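Read the structure below first, then the notes.
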2 protein chains.
Amino acid sequence: MINDMDGCIEIQRNELASRFNCVPSQINYVISTRFTNEKGYYVESRRGGGGYITIRRLNTDSAGDYIMHIITSIGDKITQHSCEVFINNFVDYDVIDNREAMLMKAATSDKALVDVAPDKRDDVRAAILKNMLTSLTVI
Amino acid sequence: MINDMDGCIEIQRNELASRFNCVPSQINYVISTRFTNEKGYYVESRRGGGGYITIRRLNTDSAGDYIMHIITSIGDKITQHSCEVFINNFVDYDVIDNREAMLMKAATSDKALVDVAPDKRDDVRAAILKNMLTSLTVI
DNA sequence: GCTATATAATAGTCAGGGATAGTCAAATTG
DNA sequence: CAATTTGACTATCCCTGACTATTATATAGC
């Protein structure tokens, strides 16, 4: 739907829910798990009569800008799971290809970091991910 | 099953368990002892409704063999410098391209590993490098 | 007319439940 | 004794519905 609408849709929650055959609150769940800022979406909404939800996708015409945006949104720590979510999004946005995604996941997996103290692992992972992303902006 | 399915299957854990007449948790044991990375498999899974397990067999062609050979030749530790030499060789031998080389160097640089205790850094670097190389053998 | 209040029409929150996969220590096997 | 098997317990994912919060509009009181 977002693709069809040029990167931005405005729609009522109930309409979305009936379109996907789910309860309205499911829409909130999906938005909070899938259409997050980290995944490059901006969501606004308004309650009351004439309420609505707008979902905007970040402009990803400039891969460099997109990567920089993501780098700044990554904190000092990141879990393996969250890291993989990021990497999958890079593939979706054509910032990297599948092989590169595999490399990045391999480099940031708990398996690769098994020798790092568990309480430091998420810090190291964040540093590795950011360093790899930075290297992509240099090309 | 993997042979029949072109090197990759996706199936539910319970289905696998009933097919082999064992308890579901036995599936995890077998996967962790038989379908390891070292033995040439990649496994992913997802919990919750509609959960699944996917098992992929890694490439066993000559490029894969070459990489496997290299992996076994890398010890438990590797310096940043020697790591870069390896990576440059991969480019020379067309195992990876320049972007992939940048990613690999970024992931294994001292800068990325600044949070790792210095005496552990070369171990972690070796693990990351090997893990990345292994991922390259995936179809 | 203007403000205050009630009502309707929305969206948000959260705890719980069902369906899965993961972990781990004890029991069993060979 | 090492490898395997088991099952109780845990973790995760998605879905649901009751309840709450917010906004617009209609109505009432002055």
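Heavy atoms only: backbone and side chains are in, while hydrogens, waters and symmetry mates are out. Nothing here was measured: the structure is a model prediction, and the numbers come from that model. In what follows, chains carry the letters A, B, and so on, assigned in the order in which the sequence lines appear, proteins first and then strands, with residues in each chain numbered from 1.
- Listed pair A:H81 / D:dA11 fails the phosphate criterion, with no side-chain N or O lying under 4.0 Å from OP1 or OP2.
- Under the 4.0 Å criterion applied to side-chain N and carboxylate O atoms, B:D122 and B:R125 are assigned as salt-bridge partners.
- Between A:G49 and A:V30, the residue anchored nearer the 5' end of DNA chain D, judged by the nucleotide with its closest heavy atom, is A:V30.
- A:D123 has a carboxylate O that lies under 4.0 Å from a charged side-chain N of A:K77, or vice versa, which qualifies the two as a salt bridge.
- In this structure, B:F86 and B:F90 have tilted ring planes: the angle between them lies in the 30° to 60° band.
- The minimum heavy-atom distance linking A:D76 with A:K130 is given by the pair OD1-NZ, 4.2 Å.
- For the segment residues 8-20 of chain B, the set of residues with a heavy atom within less than 4.0 Å of an atom of DNA chain C comprises B:Q12, B:R13, B:N14, in numerical order.
- Residue-level contact check: B:G48 touches the bases, meaning some heavy atom is under 4.0 Å from a base atom.
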Assess the residue pair A:T108 and A:E84 against the criterion (side chain to side chain contact (heavy atoms under 4.5 Å, CB included)); give the C-alpha distance rounded to whole Å, side-chain angles, the decisive distance to 0.1 Å, and a yes or no.
CA-CA 8 Å; A:T108 53; A:E84 286 183 357; 5.8 Å; no
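- Within the 4.5 Å cutoff, side-chain heavy atoms of A:S135 are placed close to those of B:L103.
- In this structure, CD1 of B:I55 is placed 12 Å from P of C:dA21, rounded to the nearest angstrom.
- Applying the 6.0 Å contact sphere to NZ of A:K120 captures no more than 12 heavy atoms from other residues, nucleotides or ligands.
- Using a 4.5 Å heavy-atom threshold, the side chains of A:K105 and A:Q80 count as separate.
- Closest approach of B:Y41 and B:L58 over heavy atoms only: N-CG, 3.8 Å.
- B:A107 and B:A112 get closest at one heavy-atom pair: O-CB, 3.9 Å.
- Counting to the nearest Å, the P atom of C:dG12 and the OH atom of A:Y52 are 11 Å from each other.
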Atom pairs, N/O to N/O, protein against nucleotides 6-10 of chain D, distance under 3.5 Å?
{"residue": "D:dG7", "atom": "N7", "partner": "B:S25", "partner atom": "OG", "Å": "3.1"}
{"residue": "D:dG7", "atom": "O6", "partner": "B:S25", "partner atom": "OG", "Å": "2.6"}

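- Rounded to whole angstrom, the span from the CZ atom of B:R46 across to the C1' atom of C:dG18 amounts to 16 Å.
- Listed by residue number, the members of residues 33-45 of chain A with any heavy atom below 4.0 angstrom from DNA chain C are A:S45.
- No side-chain donor-acceptor contact under 3.5 Å links A:T36 to the backbone of A:T33.
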